[in-house]
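The structure appears below as structure tokens.
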Amino acid sequence: MLFLNTETDKINHLITEGAKQALTDLEFFGREIDAWKKSPERMNQIIGENYYAGKQDIFHRKRTAIGAGGKLQIVENLPNNKILDNQYAKMVDQKVNYLLGKPMTFDCENKTYAALLKKRFDAAFQRTMKYIGEDALNGGLCWLFVYYNRQGELSFRRFPAFEILPFWADDDHTILDAAARVYLHEKWDGSTKTTVERVELFKKDGLYRYVLDGNILVPDIELGEYEPYLVVQGEEGSEAYNWNRFPLIPFKYNKQEIPLIMRVKSLQDGINTLLSDFQNGMEQTPQNTILVIHNYEGENLGDFRHNLMTYSAVKVRGDGGVETLTIDVNAENYKSILELLKKAIIENARGFDAKDDRLSGSPNQMNIQSMYSDIDLDANGMETEFQAAFSQLLWFVNQDMITKGEGNFEQEAVTVIFNRDMILNENDIIESCAKSVGILSTETIIGQHPWTVDVEKELERLKQEKEEAMMDYSHAFDSHIEKSEAQ
């Protein structure tokens with residue numbers, strides 16, 4: 001038996017026992033990953049992804065009835081329609097296209113830097129941003145990994161939220177200590193196709209690869225256990241380097257990282273259930289409804305059902321007969337509830353109704369802005385998060401420009417502009433632009449004009465037109481002088 005006489009002895013004993021029980025890094029990450037895989041947070045992210053793809057709870061629905069002991073039992077011989085009306089996916093697409101449907105632009109005083117950014121963030125990256133917006137809405141956030149491809153080009157790869165377990169260094173979730181990516185990898189083992197659960201650990205000193213066996217991380221011999229973020233080919237061979245910042249950037253939908261589906265799942269399920277119940281009610285027939293039988297010539301109800309379906313006739317005695325126990329389906333009730341649910345899902349998802357009465361006739365710009373108020377407020381919050389993520393992304397782009405000798409633009413101020421896709425009353429806006437001449441600069445007016453695609457090109461065209469007009473005027477004036485002198 002161990003006797004601890006002093007407080008110092010007790011403390012030293014606790015420290016020794018704690019050291020024996022301390023987890024190694026791999027044990028810590030393995031247990032954290034195992035717990036996270038089954039966490040409600042990750043399940044919600046997967047639900048958002050599934051609901052967008054149309055894999056919704058309605059397809060697991062069973063028809064039930066009260067059985068023995070008052071318990072519900074599954075009934076197989078009743079209509080069980082599973083109708084999907086994916087209003088959630090419509091809301092996601094609406095919000096993504098509203099904020100990211102048009103190409104981003106860069107507002108910068110340094111035109112050389114602006115041109116380089118436009119070249120870097122080309123059409124392919126604009127498409128990636130649209131995918132990021134979709135993943136951020138479905139999962140609460142999306143991750144962008146910055147790396148160099150085999151051609152030595154700075155590249156970007158996105159990861160959905162349910163693949164990444166972040167280890168944050170602060171409560172606001174702005175600084176990463178590490179992150180783990182968990183994904184399934186299919187491979188061929190001889191003639192058999194197998195699935196391996198792999199883990200990539202993103203640390204400050206590089207990328208570590210493992211195979212997940214339960215909650216144990218086994219070094220990945222096949223793909224290689226370690227890889228630096230940067231490999232530079234020099235005269236004496238390749239050298240490994242790492243970024244001064246974490247090359248994994250979160251693009252959040254909101255501060256709390258809550259998926260959009262959490263706001264509207266019950267409403268989406270209600271729409272699916274309502275439509276399915278309506279179809280079930282319409283399909284109720286004597287072959288699958290509740291029957292009330294009087295003086296039936298027989299005892300076996302199974303034979304009764306069989307004869308009814310085979311011959312569409314029932315044999316009864318005396319004053320016997322068959323009645324159906326049915327519930328009238330009132331289509332107007334279903335229609336009213338369906339409209340309420342669809343309006344509720346638009347309001348809770350903070351979208352807009354393209355069939356809104358405010359768009360009837362010739363709506364003015366105030367009516368249009370009123371209709372867009374909810375989606376505009378939600379887009380403001382999403383844009384704030386994306387702007388913060390872009391500032392992190394620009395750091396890597398600036399470092400790449402320095403490395404490749406394109407220039408040092410770290411001190412240049414640049415604003416990323418997300419051009420929102422909103423219905424406009426062009427007449428109102430053009431009239432306002434015309435009235436602003438002499439009050440605002442030409443560049444500002446051109447930027448607000450609904451027909452403007454590229455402000456810089458439009459200013460160049462105006463400058464060219466003025467120069468050509470001056471040249472025409474000068475030629476006409478010279479010609480007039482020559483004629484006067486000739487006379």
Side-chain angles (χ1 to χ4, degrees), residues 33 36 42 45-46 48-49 52-53 96 100 103-104 117 119-167 173 176-187 196-212 220 222-232 240-253 257 385-401 403-404 416:
I33 290 169
W36 168 75
R42 184 169 183 264
Q45 293 167 349
I46 293 173
E49 194 76 19
Y52 181 77
V96 169
L100 303 167
M104 299 175 301
L117 289 176
K119 183 180 178 181
R120 290 296 181 95
F121 299 119
D122 56 7
F125 182 82
Q126 302 278 0
R127 180 182 61 186
T128 300
M129 277 303 301
K130 200 171 180 182
Y131 296 162
I132 287 173
E134 183 183 299
D135 286 344
L137 286 162
N138 287 329
L141 75 164
C142 179
W143 298 88
L144 189 69
F145 177 51
V146 184
Y147 70 103
Y148 279 99
N149 61 21
R150 293 181 179 178
Q151 290 73 40
E153 300 168 335
L154 190 70
S155 303
F156 312 102
R157 185 180 178 187
R158 64 183 178 87
F159 297 129
F162 60 84
E163 284 190 1
I164 299 291
L165 167 60
F167 295 89
H173 291 188
L176 278 173
D177 269 340
R181 179 187 174 220
V182 183
Y183 67 101
L184 297 177
H185 180 217
E186 292 183 344
K187 67 172 188 175
V196 178
E197 195 168 22
R198 285 194 150 93
V199 173
E200 293 177 343
L201 279 182
F202 298 88
K203 295 183 178 181
K204 292 180 180 179
D205 60 338
L207 182 66
Y208 294 81
R209 295 189 179 93
Y210 302 93
V211 174
L212 188 62
D220 194 335
E222 183 180 350
L223 298 182
E225 183 179 358
Y226 172 75
E227 181 180 323
Y229 292 125
L230 301 172
V231 176
V232 179
Y241 293 90
N242 287 302
W243 297 104
N244 292 331
R245 298 191 184 185
F246 220 91
L248 198 61
I249 303 169
F251 282 77
K252 301 181 182 182
Y253 168 42
E257 302 162 19
E385 297 293 343
F386 275 35
Q387 290 281 8
F390 239 97
S391 67
Q392 297 180 49
L393 178 59
L394 284 173
W395 183 87
F396 293 95
V397 174
N398 290 337
Q399 297 304 310
D400 184 60
M401 289 180 181
T403 303
K404 294 182 177 177
V416 182

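Owing to the predicted nature of the structure, the values given are computational and were not obtained by experimental measurement. All values below were derived from every heavy atom in this structure, side-chain atoms included, with hydrogens, water molecules and symmetry-related copies excluded.
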Discussion item. Could you walk me through whether K187 and E222 satisfy the salt bridge (Lys or Arg N to Asp or Glu O under 4.0 Å) test, starting with their C-alpha distance in whole Å, then the side-chain angles of each, then the deciding distance to 0.1 Å, before giving a yes or no?
Written reply: CA-CA 11 Å; K187 67 172 188 175; E222 183 180 350; 3.1 Å; yes
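- Within a 6.0 Å radius of CG in D205, other residues, nucleotides and ligands contribute more than 12 heavy atoms.
- For F121 and F390, the ring centers sit closer than 6.0 Å to each other.
- Side-chain contact between E225 and Y210: present, with at least one pair of heavy atoms (C-beta onward) separated by less than 4.5 Å.
- Sequence neighbours left out, not one pair with a member in residues 137-156 passes salt bridge (Lys or Arg N to Asp or Glu O under 4.0 Å).
- For the pair W143 and P250, the tightest heavy-atom approach, listed with the atom from each and the gap, is CZ3-CB, 3.6 Å.
- Using cut-offs of 30° and 60° for the angle between ring planes, the Y147 and F145 rings count as parallel.
- If you take CG on N398 and CZ on F396, they are separated by 11.0 Å, rounding to the nearest 0.5 Å.
- For the pair R245 and W395, the minimum side-chain heavy-atom distance is below 4.5 Å.
- Between F202 and L207 there is a side-chain heavy-atom pair separated by less than 4.5 Å.
- Counting only residues at least two apart or on different chains, the side chain to side chain donor-acceptor pair (under 3.5 Å) pairs with a member in residues 130-141 are Y52-E134, Y88-N138, N97-K130, D135-R158.
- For the pair V199/I33, a side-chain contact is recorded, criterion being any heavy-atom separation below 4.5 Å from C-beta on.
- Considering only residues two or more places apart in sequence or on other chains, E49 meets the salt bridge (charged side-chain N to carboxylate O under 4.0 Å, His left out) condition with none of them.
- Proximity of V416 to F386: side-chain heavy atoms (C-beta onward) are nowhere separated by under 4.5 Å.
- Going from atom CD1 of I132 over to atom SG of C142 covers 5.0 Å, rounded to the nearest 0.5 Å.
- In this structure, R127 fails the cation-pi test against F125, since its NZ or CZ atom is not both closer than 6.0 Å to the six-membered ring centre and inside 45 degrees of the ring normal.
- In terms of heavy-atom proximity, N149 sits nearest to S155 at ND2-OG, 3.2 Å.
- To the nearest 0.5 Å, atom CG of residue D122 and atom CG of residue L117 are 12.0 Å apart.
- Smallest separation of non-hydrogen atoms from A179 and I164: CB-CG2, 4.3 Å.
- With sequence neighbours excluded, the residues forming a side chain to side chain contact (heavy atoms under 4.5 Å, CB included) with E197 are K37, V182, L184, L212, listed by chain and number.
- For the salt bridge (Lys or Arg N to Asp or Glu O under 4.0 Å) criterion with E163, the lone passing option out of R157, R181, R42 is R181.
- Put simply, the side chain of Q45 reaches to within 4.5 Å of the side chain of L141, judged on heavy atoms.
- Considering CD of Q126 and CG of L100, their distance stands at 9.0 Å, rounded to 0.5 Å.
- Judged by distance alone, the side chain of Y208 and the main-chain N or O of L201 form no donor-acceptor pair under 3.5 Å.
- What you find for G139 and A161 is that their closest heavy atoms are O-CB, 3.6 Å.
- Contact of the R209 side chain with the R198 side chain is not registered, since no non-hydrogen atoms from C-beta on lie closer than 4.5 Å.
- The CG atom of L248 sits 10.0 Å away from the CD atom of E200 when rounded to the nearest 0.5 Å.
- Between L144 and F251 the shortest side-chain heavy-atom distance falls below 4.5 Å.
- A search for side chain to side chain contact (heavy atoms under 4.5 Å, CB included) contacts involving L154 returns R120, V146, Y148, F156, W243, V397, D400, not counting sequence neighbours.
- For K404, the NZ atom counts as densely surrounded, since its 6.0 Å shell holds more than 12 non-hydrogen atoms of other residues, nucleotides or ligands.
- Residues satisfying the salt bridge (charged side-chain N to carboxylate O under 4.0 Å, His left out) test with E257, not counting sequence neighbours, are K252.
- Rounding to the nearest 0.5 angstrom, the gap separating the CE atom in M129 from the CG atom in L393 is 8.5 Å.
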